[in-house]
Amino acid sequence: RLYRVAFTTITCEDGSEDLNLTGDFSAPAEFFVTLGVFSFFYSMAALVLYLRFHSLYAENTKLPFTDFCVTVCFAFFWLVAAAAWGKGLSDVKAATHPNTIISAMSACKAEGKCTAGTTPAMGLANISVVR
């Protein structure tokens with residue numbers, strides 16, 4: 001929810017103005033985290049089923065197939081969630097890039113008047129997508 005982030009910039013008239021970032025990229029991250037939590041709960045439930053109720057699992061023929069189908073669905077949604085989180089991260093990177101922020105500042109509208117400093121390090125964010 002980058003639109004909630006506001007910061008003060010300088011103006012050419014020796015004043016200041018509030019500038020808000022643009023974009024709401026929280027949905028992919030929320031989907032990724034929610035799916036991770038549900039996967040954890042399902043894994044714990046399956047572990048209890050395998051260890052505590054092994055005889056029920058071995059005798060019932062529909063239970064292993066249902067378990068397989070649910071696991072395949074989780075694997076598919078995990079792939080979709082990872083792709084969504086990757087896209088959301090690239091959108092956050094684009095929205096917070098120094099050149100994007102400078103182009104939104106009124107004092108820097110003239111060509112070549114402002115230059116961006118260093119690009120922020122996003123290595124740990126990139127690793128979160130790879131995991």
Side-chain angles (χ1 to χ4, degrees):
R1 296 182 181 99
L2 292 177
Y3 62 89
R4 292 184 181 175
V5 177
F7 54 94
T8 304
T9 63
I10 59 171
T11 62
C12 292
E13 293 82 31
D14 294 330
S16 64
E17 68 178 342
D18 286 337
L19 182 67
N20 287 18
L21 297 175
T22 57
D24 182 6
F25 310 109
S26 62
E30 289 172 353
F31 178 55
F32 185 75
V33 170
T34 302
L35 189 65
V37 169
F38 284 147
S39 296
F40 174 76
F41 287 149
Y42 179 72
S43 297
M44 290 300 109
L47 189 62
V48 167
L49 178 70
Y50 299 154
L51 297 177
R52 181 75 175 115
F53 303 105
H54 180 68
S55 60
L56 175 68
Y57 190 81
E59 293 169 1
N60 192 343
T61 58
K62 291 183 181 180
L63 196 57
F65 183 72
T66 303
D67 180 38
F68 173 75
C69 290
V70 171
T71 303
V72 167
C73 289
F74 268 112
F76 173 74
F77 283 123
W78 191 261
L79 178 68
V80 170
W85 171 229
K87 173 67 172 124
L89 178 62
S90 69
D91 292 343
V92 167
K93 286 174 163 180
T96 59
H97 195 274
N99 290 332
T100 305
I101 295 172
I102 285 175
S103 67
M105 295 171 60
S106 62
C108 298
K109 293 291 184 185
E111 188 74 28
K113 194 171 188 180
C114 300
T115 58
T118 61
T119 304
M122 294 283 195
L124 292 176
N126 292 336
I127 290 172
S128 73
V129 173
V130 173
R131 289 179 143 195

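For the pair Thr34 (side chain) and Phe31 (backbone), a donor-acceptor distance under 3.5 Å is absent.
When all heavy atoms of Pro28 and Gly88 are compared, the pair lying nearest together is CG-CA, 4.2 Å. The nearest pair of heavy atoms linking Trp78 to Ser39 is CE3-OG, 4.2 Å.
Under the 4.5 Å side-chain heavy-atom criterion for Ile, Leu, Val, Met, Phe, Trp and Tyr, Leu79 and Trp85 are members of distinct hydrophobic clusters. The hydrophobic cluster containing Val48 also contains Leu56, counting ILVMFWY residues as joined when their side-chain heavy atoms lie under 4.5 angstrom apart, directly or transitively.
A distance of 3.0 Å separates OH of Tyr50 from CG of Asp67, quoted to the nearest 0.5 Å. Atom NE2 of His54 sits about 10.0 Å away from atom CG of Leu49, to the nearest 0.5 Å. Atoms CG and CZ, on Leu89 and Phe25 in that order, are 10.5 Å from each other to the nearest 0.5 Å.
Residues Phe38 and Phe77 form no side-chain contact, since every pair of their non-hydrogen atoms from C-beta on lies 4.5 Å or further apart.
Among Thr71, Thr66, Val72, the single residue meeting the side chain to side chain contact (heavy atoms under 4.5 Å, CB included) criterion with Phe68 is Val72.
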